[in-house]
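Structure, as structure tokens:
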Amino acid sequence: MKYNVQIYEDDQGMLMINVPEEIFLVIDLLLGDVQEDGSKLWLDLIDKVLSKQSSYEELTGNACTIEIKYDVTKIVNEYAEENQKAYCIIETAELKKILLMWDKAVRNKYAE
């Protein structure tokens with residue numbers, strides 16, 4: 001994996017994630033939209049583009065919109081303040097890896 005990504009539980013037992021600054025909106029995507037429900041919907045669209053069944057897909061959640069292209073995905077924070085950067089770009093294959101890591105962490109947390 002290209003990025004240093006750390007998934008952990010905070011003091012209240014909630015899953016959290018740390019990512020490099022250049023892909024900072026992955027945090028909003030996971031914590032605000034994907035949450036602990038799993039990322040199947042998001043992964044299905046990414047796979048559709050990566051398998052070239054589609055050249056572009058878009059999905060809007062509670063906080064973010066993702067614009068998926070084969071090489072890169074743009075994550076847009078729909079509620080960014082005026083002085084905040086409203087989007088980031090991540091390689092689509094790398095976003096898929098992070099989503100799979102998140103799903104694994106969710107499964108592990110509830111595997112008792």
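Numbers for residues simply follow the sequence, beginning at 1.
- The two residues Asp103 and Gly38 come nearest to each other via the heavy atoms OD1-CA, 3.4 Å.
- A heavy-atom distance below 4.5 Å is not found between the side chains of Met16 and Ile7.
- Interatomic distance, CG of Leu29 versus SG of Cys64, reported as 5.5 Å (0.5 Å rounding).
- Around the NZ atom of Lys40, the shell of radius 6.0 Å holds no more than 12 heavy atoms that belong to other residues, nucleotides or ligands.
- Residues Ile66 and Leu41 share a hydrophobic cluster, clusters being chains of Ile/Leu/Val/Met/Phe/Trp/Tyr side chains in contact below 4.5 Å.
- Evaluation of the side-chain hydrogen bond (donor to acceptor under 3.5 Å, both in side chains) test over residues 12-38, restricted to residues two or more places apart or in two chains, returns Asp28-Asn77, Glu36-Lys109, Glu36-Tyr110.
- Other residues, nucleotides and ligands place more than 12 heavy atoms under 6.0 Å from the NZ atom of Lys85.
- Leu50 is listed as a side-chain neighbour of Thr92, based on a closest heavy-atom distance under 4.5 Å.
- Judged as a salt bridge (charged side-chain N to carboxylate O under 4.0 Å, His left out), and not counting sequence neighbours, the contacts of Lys48 are Glu57.
- Annotation: the span from Ile46 atom CD1 to Ser51 atom OG amounts to 12.0 Å, rounded to 0.5 Å.
- Tyr56 pairs by the side-chain hydrogen bond (donor to acceptor under 3.5 Å, both in side chains) definition with Glu58, not counting sequence neighbours.
- Counting non-hydrogen atoms of neighbouring residues, nucleotides and ligands closer than 6.0 angstrom, the OH atom of Tyr87 reaches no more than 12 such neighbours.
- Put simply, OG on Ser55 and CD1 on Ile68 are 11.5 Å apart, with the number rounded to the nearest 0.5 Å.
- Cluster annotation: Trp42 and Leu100 are assigned to the same hydrophobic cluster (Ile/Leu/Val/Met/Phe/Trp/Tyr, side-chain heavy-atom contacts under 4.5 Å, transitive).
- Leu25 contributes atom CG, which lies 11.0 Å from atom NZ of Lys74 (distance to the nearest 0.5 angstrom).
- Cluster annotation: Val49 is not connected to Val72 through the hydrophobic network of ILVMFWY side chains, with a link wherever side-chain heavy atoms come within less than 4.5 Å.
- From Ile75, atom CD1 reaches atom CG of Leu30 across 8.0 Å, with rounding to the nearest 0.5 Å.
- Placement of Ile27 and Leu59 within a single hydrophobic cluster is found when ILVMFWY residues are connected by side-chain heavy-atom separations under 4.5 Å, directly or transitively.
- Under the 3.5 Å distance criterion, with hydrogens and angles disregarded, a donor-acceptor pair is assigned to the side chains of Glu78 and Thr65.
- Figure legend: Lys52 and Tyr70 shown as a cation-pi pair, the cationic atom lying under 6.0 angstrom from the six-membered ring centre and within 45 degrees of its axis.
- Under 4.0 Å is where a charged nitrogen must lie from a carboxylate oxygen, and between Asp47 and Lys96 at least one such pair does.
- Between atom CG of residue Leu45 and atom CD of residue Gln53 there is a gap of 11.0 Å, rounded to the nearest 0.5 Å.
- Side-chain contact between Asn108 and Val106 is absent, with no heavy atoms from C-beta onward closer than 4.5 Å.
- Side chains of Gln84 and Tyr79: no donor on one and acceptor on the other come within 3.5 Å.
- Under a hydrophobic-cluster definition in which Ile, Leu, Val, Met, Phe, Trp and Tyr are linked whenever side-chain heavy atoms come within less than 4.5 Å, directly or via other members, Leu15 and Met1 are assigned to the same cluster.
- Tyr3 is listed as a side-chain neighbour of Glu91, based on a closest heavy-atom distance under 4.5 Å.
- Residues Ile98 and Ile23 meet the side-chain proximity criterion, which asks for heavy atoms closer than 4.5 Å.
- The shortest side-chain heavy-atom distance between Leu95 and Leu99 falls under the 4.5 Å cut-off.
- The two residues Gly32 and Asn62 have their closest heavy-atom pair at O-ND2, 3.2 Å.
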